[in-house]
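Remarks on the structure that follows.
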Number of protein chains: 2
Amino acid sequence: MVSLDNFFKSAFTVDNVIFGFDEGDLKVLLIKRGEQPFLGKWALPGYFVYPNEDLDGAAVRVLEELTGLKNVYLEQVETFGDVNRHPFGRVITVAYYSLINTKDYILKLKAGSIAQQAEWVALKDVNDIAFDHAAILASCFQRLQRRVRHRPLGFELLPKKFTLTQLQQLYEAILQTELDKRNFRKKILSMNLLIDLKEMQEGVAHRPAKLYQFDRAKYEQFLAEGYIFDLSESKKKNGKKVNGVLH
Amino acid sequence: MVSLDNFFKSAFTVDNVIFGFDEGDLKVLLIKRGEQPFLGKWALPGYFVYPNEDLDGAAVRVLEELTGLKNVYLEQVETFGDVNRHPFGRVITVAYYSLINTKDYILKLKAGSIAQQAEWVALKDVNDIAFDHAAILASCFQRLQRRVRHRPLGFELLPKKFTLTQLQQLYEAILQTELDKRNFRKKILSMNLLIDLKEMQEGVAHRPAKLYQFDRAKYEQFLAEGYIFDLSESKKKNGKKVNGVLH
DNA sequence: CTTAATTAGTGTAAAAAGTACGCTAATTCA
DNA sequence: TGAATTAGCGTACTTTTTACACTAATTAAG
């Protein structure tokens, strides 16, 4: 047996879960499908992989074709291959996720793509999406929740200049919990990864906050030195640990 | 467009990384290939997926067919789909991993399978394996290293009755670091997940150790109550955290 | 039967990290 | 000028982590 001809082959696709943060809400990028199956339904931006491209490359290409987002760094999360997940036959899909600052990108549909529309939808408003995309979204969100404690992902979702309150609200949105303001600031600032820009917020009807910027260069230097980013915490009750909450 | 006929299809496979622990070494189960490509080379036990089976099911079936291991619980880790990863054409593979106690299972080749041999190989002795299996193995080992701090996985690799020293050696093998005996015991015992069997080790030429058993029922009860398993630790040096080492 | 070799088993004090908590400051708007 | 709103800050207590060394129990060899 020296060829693949005797083996079953399947169509395969990539699906992208792109998280954004806006107006205090965690959002996800969805498209409205202009093709069967699930014509007219909202779905994750995803499509078929070509024979001559790697999976990671396909994810980037498909995302651009469907939403106009270019050069987004995507990370593979999980592969979904249940026999009946696609109504037309066997289709295996590899899920990717990413986090971006929605303001840095412009949604732009490509003529001829299967997307009729592309929109940021608050996570809590997502319901009834095509295929098994709810499960894919859940898996990626879970990944995000775990990762955010151990990697400085949050900064991807914010504008370059942000206030500590914005950062805290973002963490609260991702972790779906409330955090203590003083302890959060103490912990974040003690990491020495924020640059105090000596600038103030403008145009707000209250005391303006200081603006900070993430010090990516220093973070990479720390990484190289073997240090780790860690925001996790946990509480002990009766000798048993309870889920960390980053108080 | 209401069919899949127009889309490229690829062969796809599952590959399994089965970890075991024996004689103080972390091992992985490999087969010697009896088929092209890589005939005669060592490889992870993996094979093609059928049209009518889910990925998880395929992983379990393939493992049994190639090595005789039945009903192993496998977890999906990562999908590898580089265009040229298979010399005969495009083959996408989904990697699964598992941990088992090598003594509980008997390796038994099935007639007609592509495995000429199946063997436990110490992780440090694995080199020159087929396809991109080195990368797959590395990915699964990394997953194991991360998971072992947050889930009581270690017990899967040990016999039902074990000593604290055996448990410590296992953690040292997985985390590739040395642990402090007293602190390790304090931490493990404080979780209240070990049953002291009031039995002693026999047949050793030194002071015999107490035997313990993992209390799975209690662990599941703790989980249900929202408690978490957490062996992670980290050290601060100059205000920066350094990788946890579970001292 | 004594001794050597081997591994098991144990506690404490100091340092670091995590937690709970409430008031004053700066700004805009009415 | 006062009301409303959000920013910014420190301390005492608790829990967790860390570093560290000796005695106990058994077998093997002489």
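The sequence lines fix the lettering, A, B, ..., with proteins before strands; numbering per chain opens at 1.
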In whole Å, what is the span from the CG atom of Asp180(B) to the P atom of dT12(C)? 16 Å

Mark yes or no for a side-chain to base donor-acceptor pair under 3.5 Å between Arg182(A) and dC21(C), with no hydrogen or angle criteria applied. yes

Could you check how far CG of Leu194(A) sits from P of dG8(D), rounded to whole Å? 12 Å

Judged by atom type as modelled, is there a donor-acceptor pair below 3.5 Å linking the side chain of His133(B) to the main-chain atoms of Leu44(B)? yes

Any donor-acceptor pair under 3.5 Å between the side chain of Lys187(B) and the base of dT16(D)? no

Spacing between Met191(A) atom CE and dA17(C) atom P, to the nearest angstrom: 11 Å

By nearest-heavy-atom nucleotide on DNA chain D, the more 5' of Val204(B) and Met200(A) is Met200(A)

Throw together a table of side-chain donor-acceptor distances under 3.5 angstrom for residues 205-215 of chain A, partners on residues two or more places apart or in other chains.
{"unit_1": "Lys210(A)", "atom_1": "NZ", "unit_2": "Asp196(A)", "atom_2": "OD2", "d": "3.1"}
{"unit_1": "Asp215(A)", "atom_1": "OD1", "unit_2": "Lys218(A)", "atom_2": "N", "d": "3.1"}

Just how far, in rounded Å, is P of dT27(C) from NZ of Lys210(A)? 13 Å

For the pair made of CD in Gln166(B) and P in dT7(C), what is the distance, rounded to whole Å? 13 Å

Atom pair distance, as rounded to whole Å: CG in Leu211(A) and P in dA7(D): 11 Å

Nearest nucleotide by nearest heavy atom, which residue falls closer to the 5' end of DNA chain C, Thr163(B) or Pro208(A)? Thr163(B)

Just list the side-chain donor-acceptor pairs under 3.5 Å for residues 19-31 of chain B, sequence neighbours left out, or say none.
{"unit_1": "Asp22(B)", "atom_1": "OD1", "unit_2": "Lys103(B)", "atom_2": "NZ", "d": "3.4"}
{"unit_1": "Asp25(B)", "atom_1": "OD1", "unit_2": "Lys124(B)", "atom_2": "NZ", "d": "3.0"}
{"unit_1": "Asp25(B)", "atom_1": "OD2", "unit_2": "Lys124(B)", "atom_2": "NZ", "d": "3.0"}

To the nearest Å, give me how far apart NZ (Lys186(A)) and C1' (dA12(D)) are. 10 Å

When rounded to the nearest 0.5 Å, the distance separating CD of Gln168(A) from CD of Glu172(A) is 4.5 Å

Under 3.5 Å, N/O pairs linking protein and nucleotides 1-6 of chain D:
none

Within residues 63-72 of chain A or reaching into it, pairs that qualify as side chain to side chain donor-acceptor pair (under 3.5 Å) - sequence neighbours excluded: Arg61(A)-Glu65(A)

Going by salt bridge (charged side-chain N to carboxylate O under 4.0 Å, His left out), name the residues that satisfy it together with Asp125(B), two or more places apart in sequence or in a different chain. none

For the pair made of CG in Asp196(A) and C1' in dA7(D), what is the distance, rounded to whole Å? 13 Å

Kindly state each residue pair satisfying salt bridge (charged side-chain N to carboxylate O under 4.0 Å, His left out) with at least one member in residues 153-165 of chain B, sequence neighbours excluded. Glu156(B)-Arg216(B), Lys161(B)-Glu199(B)

